[in-house]
Amino acid sequence: MKLVYFAWVREKAGLSTEDVTPPADVTDVAGLIDWLKGRGEGYGEAFADLDLVRVAVNQSHVDLDHALAASDEVAFFPPVTGG
Amino acid sequence: MKLVYFAWVREKAGLSTEDVTPPADVTDVAGLIDWLKGRGEGYGEAFADLDLVRVAVNQSHVDLDHALAASDEVAFFPPVTGG
Amino acid sequence: MIRVQTEDFDLGAEIARMTDGKTSIGGICSFSGLVRDIVGEAGDTGVAAMTLEHYPGMTEKALQEIEAEARDRWPLDDVLIVHRYGRLEPGDNIVLVIAASAHRDAAFDACRFLIDWLKTKAPFWKLEETTDGTNWVEAKESDDTAADRWNKD
Amino acid sequence: MIRVQTEDFDLGAEIARMTDGKTSIGGICSFSGLVRDIVGEAGDTGVAAMTLEHYPGMTEKALQEIEAEARDRWPLDDVLIVHRYGRLEPGDNIVLVIAASAHRDAAFDACRFLIDWLKTKAPFWKLEETTDGTNWVEAKESDDTAADRWNKD
């Protein structure tokens with residue numbers, strides 16, 4: 001599973017992209033975030049307030065209960081501010 | 001009093017501008033139109049349906065009951081269609 | 001600023017002039033109106049050209065009043081209205097309105113207000129040339145409705 | 001058409017390209033967003049520059065979806081969305097949206113829809129440089145409200 005991070009979520013997580021293989025009990029976005037938070041302090045800070053984090057799977061916006069597959073590209077970022 | 005005509009009002013009246021001295025009992029726009037209609041067939045056609053004629057006095061839109069002075073510039077034209 | 005002219009206008013150049021050296025503008029909304037060839041629409045015979053007549057003097061006055069009203073209603077950095085007159089062919093520019101503001105909503109609302117009011121208040125008349133001859137374009141009720149939205153109670 | 005690029009854009013040239021040889025367009029509405037120096041506003045310290053980060057791949061997908069939705073909702077002759085990324089300074093262009101239609105209302109509504117949806121759906125993030133350092137611009141509730149206006153029931 002490919003993870004990508006943008007803006008301050010990237011800065012707090014401390015990296016912009018990584019390939020991970022979460023355990024089998026990680027089945028949705030919320031589960032993935034829980035698992036990531038256990039991997040280090042940076043993730044804890046990035047995901048401290050989930051109201052401020054947006055998620056895209058395979059480049060489409062999704063909610064926290066979105067189911068995941070091993071081949072997914074999952075992106076975490078703050079609410080967008082373009083335009 | 002200077003009168004100016006535009007678009008099909010001009011074509012029906014048969015002239016684009018004229019200087020007139022209406023009789024003293026012509027005190028407002030409606031009175032001026034009545035007097036003009038008595039002056040010739042073209043005016044009769046131009047002013048046949050007053051719902052289709054707009055009036056400006058000294059280059060501002062006015063209603064038919066607008067009072068007139070001898071030095072006024074009075075314009076007659078159809079509803080505008082610019083833009 | 002307002003201009004009434006026979007010459008074409010250059011939207012890019014107008015906006016470049018408007019923004020040159022300025023850092024207070026956050027959004028610019030523009031609207032250009034063009035001569036449309038309506039051939040093929042039900043009941044239409046195609047427009048070969050149109051001639052715009054206007055009322056010199058009153059036109060400038062009316063456009064200046066519309067600009068002043070927009071500046072009064074919205075916080076605008078700049079306003080431009082350019083209206084052409086004379087003979088124009090399909091695809092030619094007729095009118096350009098631009099509103100620049102710190103804020104996007106003000107730019108959009110002011111731009112739409114400018115064109116809506118212009119369409120019912122500025123003394124221009126369109127004479128269409130079709131294959132059947134010439135005819136004066138009739139005013140549209142939808143233009144009155146659009147302008148009325150901006151009337152204050 | 002959509003484009004994501006570091007280079008500046010030329011609004012006049014884009015509209016000229018859009019209208020070239022066409023006689024079906026009656027109105028073109030454009031909106032450009034610029035980097036605004038907010039120095040002098042209460043609590044602000046002035047923006048020296050900003051850097052736009054985006055999500056390559058998803059950005060193009062999101063902008064294409066927004067264009068498709070606009071074409072679905074309004075009868076449009078053409079649509080253009082251009083968004084820049086990288087480092088920009090006050091007065092620089094950020095974004096351009098254009099909608100061309102036979103009808104003025106469609107051009108205006110579609111143009112505003114394009115920018116409103118882009119602001120809440122396209123993956124761009126602004127990092128501001130001020131005299132106090134850098135900070136990520138926070139999303140505005142007013143942008144959500146503006147985008148929500150276009151949601152269908």
Side-chain angles (χ1 to χ4, degrees), chain B residues 1-20 28-30 32-33 36-37 41-83, chain C residues 2 4 31-36 47 50-66 81-86 88 93-97 111-128 133-144 146-147:
Chain B
M1 192 175 292
K2 183 182 179 188
L3 309 186
V4 287
Y5 304 89
F6 293 99
W8 60 253
V9 177
R10 169 177 55 72
E11 290 178 341
K12 290 189 176 178
L15 77 180
S16 59
T17 182
E18 61 183 325
D19 283 297
V20 297
D28 64 9
V29 171
L32 176 62
I33 290 173
L36 287 168
K37 284 165 84 170
E41 204 176 317
Y43 296 104
E45 283 177 28
F47 296 113
D49 183 353
L50 290 186
D51 284 344
L52 300 179
V53 177
R54 299 290 176 270
V55 187
V57 171
N58 301 326
Q59 308 189 342
S60 291
H61 296 280
V62 300
D63 291 325
L64 292 176
D65 61 357
H66 185 88
L68 292 174
S71 59
D72 283 342
E73 174 176 305
V74 184
F76 299 103
F77 45 77
V80 303
T81 56
Chain C
I2 68 108
V4 184
F31 178 82
S32 343
L34 292 85
V35 180
R36 185 164 64 96
V47 173
M50 62 168 53
T51 299
L52 271 141
E53 180 172 333
H54 79 117
Y55 182 176
M58 179 169 171
T59 306
E60 291 78 1
K61 186 166 179 267
L63 296 182
Q64 277 157 0
E65 285 168 0
I66 293 167
I81 306 174
V82 183
H83 206 301
R84 298 178 72 188
Y85 64 95
L88 301 172
N93 287 313
I94 304 172
V95 64
L96 171 65
V97 295
C111 188
R112 197 158 186 172
F113 166 85
L114 290 168
I115 189 71
D116 284 349
W117 268 33
L118 184 158
K119 280 195 168 264
T120 59
K121 294 180 195 292
F124 288 94
W125 302 274
K126 287 183 183 134
L127 180 69
E128 276 182 353
T134 63
N135 64 283
W136 291 98
V137 174
E138 279 185 45
K140 283 190 230 150
E141 205 180 303
S142 60
D143 286 336
D144 287 329

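Both backbone and side-chain heavy atoms feed into the values below; hydrogens, waters and symmetry mates do not.
- Not a single side-chain contact (heavy atoms from CB on, under 4.5 Å) links B/Ala48 to another residue, sequence neighbours left out.
- Here the straight-line distance linking atom CE of C/Met58 with atom CZ of B/Phe6 works out to 9.0 Å at 0.5 Å rounding.
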Between these two chains, chain B and chain C, I want each donor-acceptor atom pair under 3.5 angstrom written on its own line with its distance.
residue, atom, partner, partner atom, Å
B/Ala7, N, C/Glu53, OE2, 3.0
B/Arg10, NE, C/Glu53, OE2, 3.1
B/Arg10, NH2, C/Glu53, OE1, 2.5
B/Glu11, OE1, C/Trp136, NE1, 2.8
B/Glu11, OE2, C/Trp136, NE1, 3.4
B/Gln59, O, C/Lys61, NZ, 3.3
B/Gln59, OE1, C/Met58, N, 3.2
B/Ser60, OG, C/Lys61, NZ, 2.5
B/His61, NE2, C/Lys121, O, 2.9
B/Glu73, OE2, C/Tyr55, OH, 2.4
B/Pro78, O, C/Trp125, NE1, 2.8
B/Thr81, N, C/Phe124, O, 2.8
B/Thr81, O, C/Lys126, NZ, 3.2
B/Thr81, OG1, C/Lys126, N, 2.9
B/Gly82, N, C/Phe124, O, 3.4
B/Gly83, N, C/His83, NE2, 2.9
B/Gly83, O, C/Lys126, NZ, 2.9

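- C/Ile115 approaches B/Gly83 most closely through the heavy-atom pair CD1-CA, 4.4 Å.
- Each of B/Ala56, B/Pro79, B/Pro78, B/Ala75 has some count of heavy-atom pairs under 4.5 Å with chain C, and the biggest count is that of B/Pro78.
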